[in-house]
**Q** 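Please find one structure pasted underneath; my questions will follow.
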Amino acid sequence: MSKPSIPKGTRDFLPQQMVKRNYLFDTLKSIFKKYAFLPIETPAVENLSTLMGKYGEEGDRLIFKILNSGDYLSGVTNLAEQNSSTLTKEISEKALRYDLTVPFARFVVQNQNELHFPFKRFQIQPVWRADRPQKGRYREFFQCDVDVVGSDSLLYEVELVQIFNEALTQLKVPGFQIKINNRKILSGIAEVVGAADKIVDITVAIDKLDKIGLEKVNEEMLQKGVSQEAVGKLQPIIQMSGSTAEKFATLRSVLSSSAIGIKGVEELEFIFASSAQLNVDQNLKLDITLARGLNYYTGAIFEVSAENFKGSICGGGRYDDLTGIFGLKGVSGVGISFGADRIYDVLEENNLFPENLLQTTDVLFVNFGDAEALYSMKVMQQLRSRGISCELYPSSGKMQKQMTYANNKAVRFVAMIGTNEMNENKVTLKNMTTGEQQMLDVAQLMDKL
RNA sequence: GUGUCUUUAGUUUAUUUGGUAAAACAUCUCUCUGUGAAUGAGAAGAACAGGGUUCGAUUCCCGAAGACACCCCA
């Protein structure tokens, strides 16, 4: 017999983990609701065409494709001349969702007549990526998304900053930093420098500044084909330092000739100023190296990091054209995503989950025999109607076995109903923590629990 | 897609110049059929169901799988 297993990058969740996960989801949900977002769900499986081309080349590769059912090779023409990428389209027309944002855009277009705009939704569901798993990276993981579509108001960016702040504070995520940038600034930089096609290479290189130093960064850019002149122009930005206000000043002067760049700076300035007014700017940080691979972002982009954790725990941004791809033009959206599994890992590593999460059975009824069992079930019916969680041991086996079961399950009380109790219409209740026990009638029992 | 490491009971780890595998915790039973978390006794359970080298492989080689790192990302 081969051992059963699950694919790498996927996990089973035991009860102890589930209560923690639910705590995390419930916390986020309650906050999302406070900001008036409504829940939706979409299917795990989308049409492959819905997903392809939205995440960049790298993203396309990481989409889990589903093989067509039946004799999927029968319709393929010229099998011998096909390569993997042309063949994929012929033998797979469905795929597992890669994130929640693109399916949401599809959802909005498809259901546009049912929705009232601006439409605020939250969605907590798993997504799948055919990535190589490693620490903090899974092939199946949950995203908790909040998005607004149908408004280009920057107030929503500010609201999302508030949500980040409230959620991460409430969850006690240690040393979280909300990094923010704007795609328009990146476009502006590319415009000024005259290297529009190199913007990704430039940001990737600049992002390594802390790691490899200025010289190596410049070296890398030259290597990627950025001109010497352009690298020269970038120096003030790369070496930008000081307060956020000073950074904005630097950006304004460098980008003065780029209308779109200035627009990006103004947007960020608004977000920073408003956040300061609302007192949620303590962890907000301008980071112009933030690029984000998802190529549908057009305005503000967000990413959140936590102390001692590699990679981001949340991400998001403004996308102006996403629904346009599906045929609904002029609808702007902005949203963020909480990486539940990574946040879980951070909380777990730092021991930040509340202690009292493990809800267990309140009372276990010892089974002394058929008649006693039925009597116990009647009592339990009354307890349950009061919201008390109780269970009966299934067989009248040894007392020890039943007590051990209660003990292992961390049951708080054990109730015993034998012939004596039945005759007197009472229940013997034992407190499993203190060991005390007493005879009570049902009304007293309920008060006690 | 690239690289490094790992692979033995449910879990965590031993073992050997290549000669028939040891333990702890967990599980179950008994000690003890109306009182658990104690003690003691006992049971069941393992080498990647792959390939190769060898008289013989858990040990060496290949393959596979997993973990981690790079890339990218939640």
Side-chain angles (χ1 to χ4, degrees), chain A residues 1-12 14 24 28 55-63 84 97-101 124-145 173 200-201 203-204 207-208 211 290-295 301-306 309-317 335-346 364-369 372 393 395-422 428-437 439:
Chain A
M1 263 281 280
S2 66
K3 285 184 200 172
S5 65
I6 53 176
K8 69 172 156 184
T10 66
R11 296 149 297 158
D12 285 329
L14 275 62
L24 212 162
L28 291 176
Y55 308 106
E57 209 175 308
E58 178 83 8
D60 283 354
R61 267 187 33 225
L62 298 180
I63 295 172
S84 336
R97 74 166 97 80
Y98 178 89
D99 72 353
L100 300 179
T101 308
I124 298 179
Q125 288 191 278
V127 303
W128 293 268
R129 297 187 186 178
D131 218 343
R132 285 273 176 95
Q134 57 186 279
K135 195 168 197 288
R137 167 179 296 180
Y138 307 98
R139 287 184 142 177
E140 178 186 63
F141 60 97
F142 273 72
Q143 289 194 329
C144 312
D145 274 33
V173 174
V200 173
D201 291 330
T203 53
V204 168
D207 188 35
K208 294 180 185 160
K211 271 190 228 163
L290 188 61
R292 298 194 57 75
L294 304 178
N295 52 15
I301 40 189
F302 299 101
E303 197 165 293
V304 179
S305 62
F309 192 84
K310 245 181 273 172
S312 49
I313 56 172
C314 309
I336 56 176
S337 176
F338 289 80
D341 302 81
R342 286 185 175 179
I343 295 173
Y344 180 99
D345 288 347
V346 169
L364 175 92
F365 281 74
V366 173
N367 190 328
F368 287 109
E372 291 89 340
Y393 197 81
S395 57
S396 58
K398 283 187 194 165
M399 193 68 180
Q400 181 190 235
K401 212 171 166 180
Q402 305 197 31
M403 294 302 279
T404 304
Y405 175 83
N407 203 46
N408 288 340
K409 222 172 156 182
V411 173
R412 294 180 16 240
F413 293 97
V414 167
M416 281 162 280
I417 303 179
T419 38
N420 284 347
E421 284 87 351
M422 272 172 79
T428 299
L429 187 71
K430 179 183 170 81
N431 182 322
M432 290 297 277
T433 338
T434 63
E436 293 169 42
Q437 64 183 64
M439 285 250 275

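Residue numbers start from 1 in every chain, and the chains themselves are labelled A, B, ... in the order their sequence lines are given, proteins ahead of strands.
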**Q** How long is the line joining CZ of F141(A) and C1' of rC73(B), in whole Å?
**A** 8 Å

**Q** Is the distance between the ring centroids of Y393(A) and F365(A) under 6.0 Å?
**A** no

**Q** Of T101(A), I336(A), V127(A), which meets side chain to side chain contact (heavy atoms under 4.5 Å, CB included) against D145(A)?
**A** T101(A)

**Q** Expressed in angstrom and rounded to an integer, what is the separation of I63(A) atom CD1 from rC72(B) atom C1'?
**A** 14 Å

**Q** Between rC60(B) and rA14(B), how far apart are the P atoms? Round to whole Å, please.
**A** 15 Å

**Q** Counting heavy atoms from C-beta on, name the nucleotide in rG1(B), rA74(B), rC70(B) closest to the side chain of K310(A).
**A** rC70(B)

**Q** Dot-bracket for RNA chain B, 5' to 3', counting Watson-Crick or G-U wobble pairs under 3.5 Å, with [ ] for crossing pairs and | for inter-strand pairs?
**A** (((((((..((((.....[..)))).((((.........))))....(.(((..]....)))))))))))....

**Q** Can you check the K401(A) NZ to rU33(B) C1' distance for me, whole Å?
**A** 12 Å

**Q** Any side-chain N or O of N408(A) under 4.0 Å from OP1/OP2 of rA26(B)?
**A** no

**Q** Can you tell me the distance, in whole Å, between the CD atom of E372(A) and the C1' atom of rU33(B)?
**A** 14 Å

**Q** Please report the C-alpha distance between D60(A) and Y98(A) in whole Å, then the side-chain angles of each, then the deciding distance to 0.1 Å, and finally whether the side chain to side chain donor-acceptor pair (under 3.5 Å) criterion is met.
**A** CA-CA 9 Å; D60(A) 283 354; Y98(A) 178 89; over 6 Å; no

**Q** Considering only the P atoms, how many Å lie between rG36(B) and rU29(B), rounded to the nearest integer?
**A** 15 Å

**Q** Check each residue of residues 335-346 of chain A for a non-hydrogen atom within less than 4.0 Å of any atom in RNA chain B, then write out the ones that pass by number, or none.
**A** G339(A), R342(A)

**Q** Does a side chain donor of either T428(A) or E421(A) reach within less than 3.5 Å of an acceptor in the other side chain?
**A** yes

**Q** Are D131(A) and R137(A) within salt-bridge range, i.e. N to O under 4.0 Å?
**A** yes

**Q** So what does G59(A) touch, heavy atoms closer than 4.0 Å: a base, only the sugar-phosphate, or nothing?
**A** nothing

**Q** In whole Å, measure the gap between the C1' atoms of rU20(B) and rA38(B) for me.
**A** 39 Å

**Q** Just the atom pairs and distances: protein N or O near nucleotides 34-36 of chain B's N or O, under 3.5 Å.
**A**
from, atom 1, to, atom 2, distance (Å)
rG34(B), O6, E421(A), OE1, 3.2
rG34(B), N1, E421(A), OE1, 3.3
rG34(B), N1, E421(A), OE2, 3.2
rG34(B), N2, E421(A), OE2, 3.2
rU35(B), O2, K430(A), NZ, 3.4
rU35(B), O2, Q437(A), OE1, 3.4
rU35(B), N3, Q437(A), OE1, 2.8
rU35(B), N3, Q437(A), NE2, 3.2
rU35(B), O4, Q437(A), NE2, 2.6
rG36(B), O2', N407(A), ND2, 3.4
rG36(B), N1, M432(A), O, 2.6
rG36(B), N2, N407(A), OD1, 2.7
rG36(B), N2, M432(A), O, 3.1
rG36(B), N3, N407(A), OD1, 3.1

**Q** Give me the distance, rounded to whole Å, that separates rG50(B) from rG56(B) when you measure between the P atoms they each carry.
**A** 16 Å

**Q** Under 6.0 Å from the six-membered ring centre of F309(A) and within 45° of its axis: does the NZ or CZ of R342(A) meet both?
**A** no

**Q** Do the side chains of D341(A) and R11(A) get close enough for a salt bridge, i.e. N-O under 4.0 angstrom?
**A** yes

**Q** Find the distance D131(A):CG to rC71(B):P and express it as a whole number of Å.
**A** 13 Å

**Q** Measuring only the P atom in each nucleotide, how far is rC32(B) from rA37(B)? A whole number of Å is fine.
**A** 14 Å

**Q** What integer distance in Å separates R132(A):CZ from rU4(B):P?
**A** 12 Å

**Q** Check nucleotides 63-67 of chain B against the protein and report each pair of N or O atoms closer than 3.5 Å, with its distance, or say if there are none.
**A**
from, atom 1, to, atom 2, distance (Å)
rG66(B), OP1, K8(A), N, 3.1
rG66(B), OP2, K8(A), NZ, 3.3

**Q** Please list, chain by chain and in numerical order, all residues satisfying side chain to side chain contact (heavy atoms under 4.5 Å, CB included) with S396(A), sequence neighbours excluded.
**A** N367(A)

**Q** How close do G418(A) and E372(A) get, counting heavy atoms only, and between which atoms?
**A** CA-CG, 4.0 Å

**Q** Between atom CG in L62(A) and atom P in rC70(B), what is the gap in whole Å?
**A** 16 Å

**Q** Measure the distance from CG on D12(A) to C1' on rU11(B) and round it to the nearest whole Å.
**A** 15 Å

**Q** Going through the checks in order, is the side-chain contact (heavy atoms from CB on, under 4.5 Å) test met by I124(A) and F142(A)?
**A** CA-CA 7 Å; I124(A) 298 179; F142(A) 273 72; 4.2 Å; yes

**Q** Would you measure the distance from the C1' atom in rU59(B) across to the matching atom in rA47(B) and give it in whole Å?
**A** 10 Å

**Q** For residues K430(A) and G435(A), report the shortest heavy-atom separation together with the two atoms involved.
**A** NZ-O, 3.6 Å

**Q** What are the two closest heavy atoms between E140(A) and T10(A), and how far apart are they?
**A** CB-CG2, 4.3 Å

**Q** Kindly state each residue pair satisfying salt bridge (charged side-chain N to carboxylate O under 4.0 Å, His left out) with at least one member in residues 397-408 of chain A, sequence neighbours excluded.
**A** none

**Q** For rG34(B) and rU13(B), measure between their C1' atoms and round to the nearest Å.
**A** 42 Å

**Q** Given the C1' atoms of rC25(B) and rA46(B), what is the spacing between them in whole Å?
**A** 16 Å

**Q** Mind checking if Y405(A) touches a base, just sugar-phosphate, or nothing, with heavy atoms under 4.0 Å?
**A** nothing

**Q** Check E303(A) against S312(A) and note the closest heavy-atom contact, atom names and distance.
**A** CG-CB, 3.2 Å

**Q** Locate the shortest heavy-atom distance separating G136(A) from D345(A); write the atom from each residue and the value.
**A** CA-OD2, 3.8 Å

